[in-house]
There are 2 protein chains.
Amino acid sequence: MKTTRNTTAKTAVLEVFENSKTALSHTEIQKQLNDVCDRVTIYRILDRLVNEDIIHKISNLDGTVKYAKCNHSHQRVHIHNHAHFSCENCHEITCLENVKPSYIMPHNYKVNEINFTLSGLCPKCLNSNI
Amino acid sequence: MKTTRNTTAKTAVLEVFENSKTALSHTEIQKQLNDVCDRVTIYRILDRLVNEDIIHKISNLDGTVKYAKCNHSHQRVHIHNHAHFSCENCHEITCLENVKPSYIMPHNYKVNEINFTLSGLCPKCLNSNI
DNA sequence: AAAAATAACGCAACAATGTTGCGATTAAAA
DNA sequence: TTTTAATCGCAACATTGTTGCGTTATTTTT
Ligand SMILES: [Zn+2]
Ligand SMILES: [Zn+2]
Ligand SMILES: [Zn+2]
Ligand SMILES: [Zn+2]
């Protein structure tokens, strides 16, 4: 079995997540790390953190990919079924941990995973405009 | 005002959509077109068809982008608020025109658009496996 | 029908994002 | 301390999408 290791690069990436309230893209992480490690290493660390259920991957409407901390590691079954909000103004992505859509599916489909993304204006941008 | 023109390439792309029950990626369209036109032209045609509300763009969980015919052009307000299903086995994307999620949002958010994608096994793959 | 206007095209070049192979490091176990 | 293998850096490559520009072709005007 493969064991996972704690490296300086991985610790640095984790710290970036700890200090962020919103989801982060690979590029945003790279900028904050400031040459702590190679570009490729960040990709590999992100893959590992996803596999370890420490962060989750968010694919956005505009094609960008971001990652966010998992705030539910205590749950027995680790499922990412919450919604995400994408602000059209500041482009920040936030987890809406408590928003879970209800829906009715046609028969003969087996649903394993759902992705629910809403876009519009976040509270910050909603208050600070005309 | 810019007027839109009917070209052989655009007609060919439209025909590909007419013959498809599922959503199509740029690459899939390109293969079916078989050098009718350049790669870039397909991108530009897809952009135009989206602007004309003839097709809609679907961003998938795995980062792929597909396009599908709009089957609701008769509606007065043209909104794409239906769900999409992504099969983990055959990777086909289908529009679930009648699946519309209900949800409760926290205050102070203004929602303009939603994206609801479900993944799992489609009816075809569900029936044809062990 | 011919001429004029411009939407659409082909091509080449570029950009962003992510992947792979491989030899060198280094964290963790023995 | 030595050994093992997970992780890293680097170079090279792949995919997807964009842009500029001179050319082609559809549509409108004359
Ligand atoms: Zn905002
Ligand atoms: Zn989340
Ligand atoms: Zn299927
Ligand atoms: Zn659809």
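Because the structure is predicted, anything quoted here is derived from the model rather than measured. To find a chain, count down the sequence lines: A is the first, B the second, and so on, and within it residues start at 1.
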Looking at every heavy atom in both Ile93(B) and Asn60(B), which two are closest together, and how far apart are they? CD1-ND2, 3.2 Å
Quick one: salt bridge (Lys or Arg N to Asp or Glu O under 4.0 Å) partners of Glu52(A), sequence neighbours excluded? Lys10(A)
If you take all heavy atoms of Glu88(A) and His91(A), which pair is closest and at what distance? O-NE2, 3.6 Å
Check every atom of dT18(D), dT4(D), dA25(D) against the side chain of Arg5(B) and return the nucleotide holding the closest atom. dA25(D)
Classify the angle between the aromatic ring planes of Tyr109(A) and Phe85(B) as parallel (below 30°), tilted (30 to 60°) or perpendicular (above 60°). perpendicular
Short side-chain N/O contact from Thr3(A) to OP1 or OP2 of dA28(C), under 4.0 Å: no
Kindly assign one of parallel, tilted or perpendicular to the pair His26(A) and Tyr43(A), based on the angle between their ring planes and the thresholds 30° and 60°. parallel
Grab the CD-C1' distance between Glu52(B) and dA7(C) for me, whole Å please. 12 Å
In whole angstroms, the gap separating P of dT7(D) from CD1 of Ile42(A) amounts to 16 Å
note: Gln30(A), atom CD; dA16(C), atom P; distance rounded to Å ~ 12 Å
Take the protein atom CG of Leu49(A) and the nucleotide atom P of dT7(D), then report the distance between them rounded to whole Å. 10 Å
Distance (rounded to the nearest 0.5 Å) between Leu121(B) CG and Asn112(A) CG: 6.0 Å
Taking salt bridge (Lys or Arg N to Asp or Glu O under 4.0 Å) as the definition, give me every residue that meets it alongside Glu28(B), ordered by chain and number, with sequence neighbours left out. Lys66(B)
Round to the nearest Å and state the distance from Lys31(A) atom NZ to dA16(C) atom C1'. 12 Å
Rounded to whole Å, the CG-P distance (Leu14(A) to dT7(D)) equals 13 Å
Just how far, in rounded Å, is P of dC9(C) from CG of Asp35(B)? 15 Å
By nearest-heavy-atom nucleotide on DNA chain D, the more 5' of Thr64(B) and Asn6(B) is Thr64(B)
Atom-to-atom span, OH of Tyr43(B) to C1' of dA8(C) - whole angstrom: 18 Å
Find every protein N or O atom lying less than 3.5 Å from an N or O atom of nucleotides 8-10 of chain D, and list the pairs.
residue	atom	partner	partner atom	Å
dC8(D)	OP1	Thr7(A)	OG1	2.9
dC8(D)	OP2	Arg48(A)	NH2	2.3
dG9(D)	OP2	Asp38(A)	N	2.9
dG9(D)	OP2	Thr41(A)	OG1	2.4
dG9(D)	N7	Arg44(A)	NH2	3.0
dG9(D)	O6	Arg44(A)	NH2	2.6

